[in-house]
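Take a look at the structure set out below.
Each ligand, and each atom within it, is numbered from 1 in the order the structure gives.
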Amino acid sequence: MRRYKLNKEEINEVLKILGSLYPDAKSELDYSNPFELLIATILSAQCTDVRVNQVTKSLFPKYSDPYKMEELNVKELGEIIHSCGFYHTKASNILKTCKILIEEHKGKVPSNREELVKLPGVGRKTANVVISNVFDQDAIAVDTHVFRVTNRLGIVKADNVEDTEQELMKKIPKPMWSEAHHWFILHGRRVCKARKPLCDMCEVNHLCIMYRKSGLQKI
Ligand code: SF4
């Protein structure tokens with residue numbers, strides 16, 4: 001009989017290996033305060049971190065808080081962030097977010113998820129990125145890499161990012177949530193790539209359900 005999910009010991013082994021492979025894993029977005037991380041994360045939707053960093057390199061020195069950013073109009077901001085894609089929607093959401101931060105939060109980024117997800121352009125994933133990276137709260141931000149890697153490995157078996165997050169929170173010890181999220185992202189970018197995963201050189205292939213199901217190693 002075949003199993004389709006990893007057991008607790010196997011999950012712990014995966015986490016141990018990934019932790020040793022990516023000991024310094026952290027966000028690859030450049031930022032120097034919570035506001036910059038929030039804006040960079042909004043910009044990163046459907047865009048690479050490398051591209052976002054190129055854009056924010058010129059954006060943040062001039063507009064590093066909501067008061068300064070709000071001086072721009074949608075057209076002006078859209079021109080600056082153009083290369084990130086969906087620039088009109090992102091510019092509009094960012095400026096609406098700045099207005100709310102100024103009017104309701106004294107220009108600060110709220111530190112709780114409930115308030116963050118009320119901001120335009122901010123979903124649960126973005127909120128989790130912010131609270132885990134700058135407010136030291138335990139959270140697992142499930143993006144396309146985390147979704148793909150954890151489902152392929154067999155840590156979870158879920159159809160969408162919401163269910164993946166819920167399953168991961170049950171399977172992974174809470175103090176590891178933030179770190180593990182970075183490990184899965186890096187593993188997804190470097191090894192467990194979307195189109196052509198590099199399974200033969202993957203350090204956790206002996207545990208991976210997808211790899212084992214492929215027939216290379218029976219389970
Ligand atoms: S063995 Fe392949 S599918 Fe499994 S985690 Fe590694 S790269 Fe991804």
Review point. Is it true that the side chains of Y22 and H182 contain a donor and an acceptor less than 3.5 Å apart?
Key: no

Study note, to complete from the structure: Per-atom filter on ligand 1: closer than 4.0 angstrom to a heavy atom of M210 are 3 (S)

**Study point:** Atoms of ligand 1, numbered as shown, that sit under 4.0 Å from any heavy atom of N205
**Key:** 1 (S)

Review point. What do you reckon, is CZ of F135 surrounded by more than 12 foreign heavy atoms closer than 6.0 Å?
Key: yes

Point to revise | Heavy-atom nearest neighbour in the protein, as seen from atom 2 (Fe) of ligand 1, with distance rounded to 0.1 Å | key: C199 SG, 2.4 Å

Review point. Under a heavy-atom criterion of less than 4.0 Å, does L153 contact ligand 1?
Key: yes

Check your understanding: What protein heavy atom sits nearest atom 4 (Fe) of ligand 1, and how far away is it?
Key -> C208 SG, 2.3 Å

**Study point:** Ionic contact status for R189 with D49, cut-off 4.0 Å
**Key:** yes

Exercise for review: Starting from atom 8 (Fe) of ligand 1, find the nearest protein heavy-atom neighbour and note its residue, name and distance.
Suggested key: C192 SG, 2.4 Å

Check your understanding: Does K99 come within less than 4.0 Å of E70, counting only side-chain N to carboxylate O?
Key -> no

Practice item. Would you check if atom 6 (Fe) of ligand 1 lies under 2.8 Å from any N, O or S atom of C202? Key: yes

**Study point:** Whether over 12 other heavy atoms sit under 6.0 Å from D159 CG
**Key:** no

Review point. Going by distance alone, is a donor N or O of one side chain under 3.5 Å from an acceptor N or O of the other, for N128 and E165?
Key: yes

